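Numbering of ligands and ligand atoms starts at 1, following listing order. The structure presented is a predicted model; accordingly, all values stated were derived computationally and were not measured.
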Amino acid sequence: MRDAIRLIADLHTHTSASTHAFSPLRENMEAAAEAGLAAVAMTDHGPTLPDAPHLWHFQTMLRVLPETLCGVRLLKGAEANAIDFAGGLDLPARELARMDFVVASMHTQCLTPGTFREHTETWLALAANPLVDCLGHSGQPEYPYDHDAVVRACRDSGCLIEINNNSFSVRPGSRENCLDIAARCAEHGVPVAVNSDAHWAGQIGRADEALALLAEIGFPEELILNADRGRLAAWFARRKRIAV
Ligand SMILES: [Zn+2]
Ligand SMILES: [Zn+2]
């Protein structure tokens with residue numbers, strides 16, 4: 001039996017800049033240091049979601065925050081909202097292009113669920129968008145889509161697919177979809193990011209349920225981007241041209 005997989009980075013986390021999250025940035029980074037993480041992406045909600053920060057949050061974040069905090073690499077990012085079925089997002093390209101990590105997600109408050117085909121087209125457009133680095137919690141049951149087509153699009157573009165630990169508690173019905181998405185990723189050799197989607201510091205780096213799901217299907221460890229320092233660094237060097 002292989003050793004339990006340990007995450008070395010968390011690429012989807014919220015700070016209290018999103019007011020339904022409860023820890024300021026420094027507390028998240030302290031928790032990350034305690035958990036032994038090398039990097040954390042701060043990805044607060046795009047401005048269209050209720051109680052998300054204003055655009056100024058993202059502009060100022062890019063200007064003032066350090067590269068490292070509490071000894072942990074701080075990746076400045078966002079969880080941008082899909083706002084139409086053509087892949088439109090709620091943050092300007094100018095800001096997205098300067099971020100270290102961009103997750104794109106669907107939330108019912110920002111995008112009323114449509115048809116299977118519309119959801120598939122949205123994910124295909126997002127996967128092909130070079131400003132998007134990772135498709136967020138796509139296993140949620142409100143937006144069924146063609147897993148195989150989207151995973152193949154990620155293989156072609158280099159976009160990641162997330163296995164989101166928070167989905168198992170806040171988005172019931174995600175598990176079966178996540179199992180199938182992960183199986184398609186294994187089949188097509190597409191890397192996943194396993195993330196906490198933390199809404200308070202105690203959740204940073206915690207993704208036990210997501211990792212258990214991957215273990216259940218024998219998911220290849222080498223396709224978990226944030227389980228290995230060298231793999232993470234190589235991905236960021238290639239896609240984002242930054243040192244992580
Ligand atoms: Zn989300
Ligand atoms: Zn989130």
Side-chain angles (χ1 to χ4, degrees), residues 7 9-25 27-29 31-32 37 39-55 57-58 61 74-84 87-91 95-96 99-113 119 122-123 126-127 129 131-145 150 159-175 177-178 181 192-210 225-226:
L7 297 182
D10 193 343
L11 300 175
H12 182 166
T13 69
H14 296 277
T15 71
S16 47
S18 303
T19 58
H20 61 290
F22 302 95
S23 302
L25 176 61
E27 285 180 21
N28 280 355
M29 299 306 279
L37 299 185
V40 166
M42 161 190 179
T43 54
D44 278 301
H45 292 288
T48 308
L49 195 76
D51 84 12
H54 189 270
L55 173 62
H57 162 89
F58 302 96
M61 161 190 89
L74 170 60
L75 298 163
K76 285 151 244 166
E79 182 181 11
N81 293 295
I83 51 170
D84 58 44
L89 294 170
D90 67 341
L91 282 163
E95 275 71 29
L96 292 173
M99 290 183 193
D100 299 326
F101 197 71
V102 175
V103 179
S105 302
M106 297 185 191
H107 295 110
T108 53
Q109 297 86 350
C110 308
L111 184 70
T112 303
H119 306 154
T122 310
W123 285 130
L126 292 169
N129 182 345
L131 300 176
V132 173
D133 299 310
C134 183
L135 307 183
H137 52 71
S138 72
Q140 65 205 111
E142 294 87 353
Y143 301 98
Y145 71 95
V150 172
C159 186
L160 301 165
I161 293 199
E162 175 184 68
I163 303 297
N164 181 304
N165 200 63
N166 211 18
S167 286
F168 305 117
S169 46
V170 302
R171 286 175 280 271
S174 293
R175 200 168 194 282
N177 292 328
C178 290
I181 293 162
V192 299
V194 177
N195 294 325
S196 71
D197 197 0
H199 282 68
W200 82 283
Q203 293 175 310
I204 298 282
R206 301 266 172 91
D208 291 352
E209 285 177 83
L225 181 79
N226 52 332

ask   = Can you check whether Glu209's main-chain N or O pairs, donor with acceptor, with Asn165's side chain at less than 3.5 Å?
value = yes

Short side-chain to backbone donor-acceptor contact, Asp90 and Thr48, under 3.5 Å = yes

request  = Determine, using ring centers only, whether His119 and Tyr143 are less than 6.0 Å apart.
outcome  = yes

ask   = Is His45 close enough that one of its N/O/S atoms sits under 2.8 Å from the Zn ion (ligand 1)?
value = no

task = Indicate if the distance from the Zn ion (ligand 1) to the nearest N, O or S atom of His107 falls below 2.8 Å.
result = yes

2.8 Å cut-off met by an N, O or S atom of His14 to the Zn ion (ligand 2) = yes

query = Looking at Glu79, which of its N, O or S atoms is the nearest one to the Zn ion (ligand 1)?
reply = OE2

request  = Run the ring-centre check on His57 versus His45 and record whether the distance is less than 6.0 Å.
outcome  = no

ask   = Does Thr13 use its side chain to pair, donor to acceptor, with the backbone of Ala41 at less than 3.5 Å?
value = yes

task = Would you mind naming the N, O or S atom of Asp197 nearest to the Zn ion (ligand 2)?
result = OD1

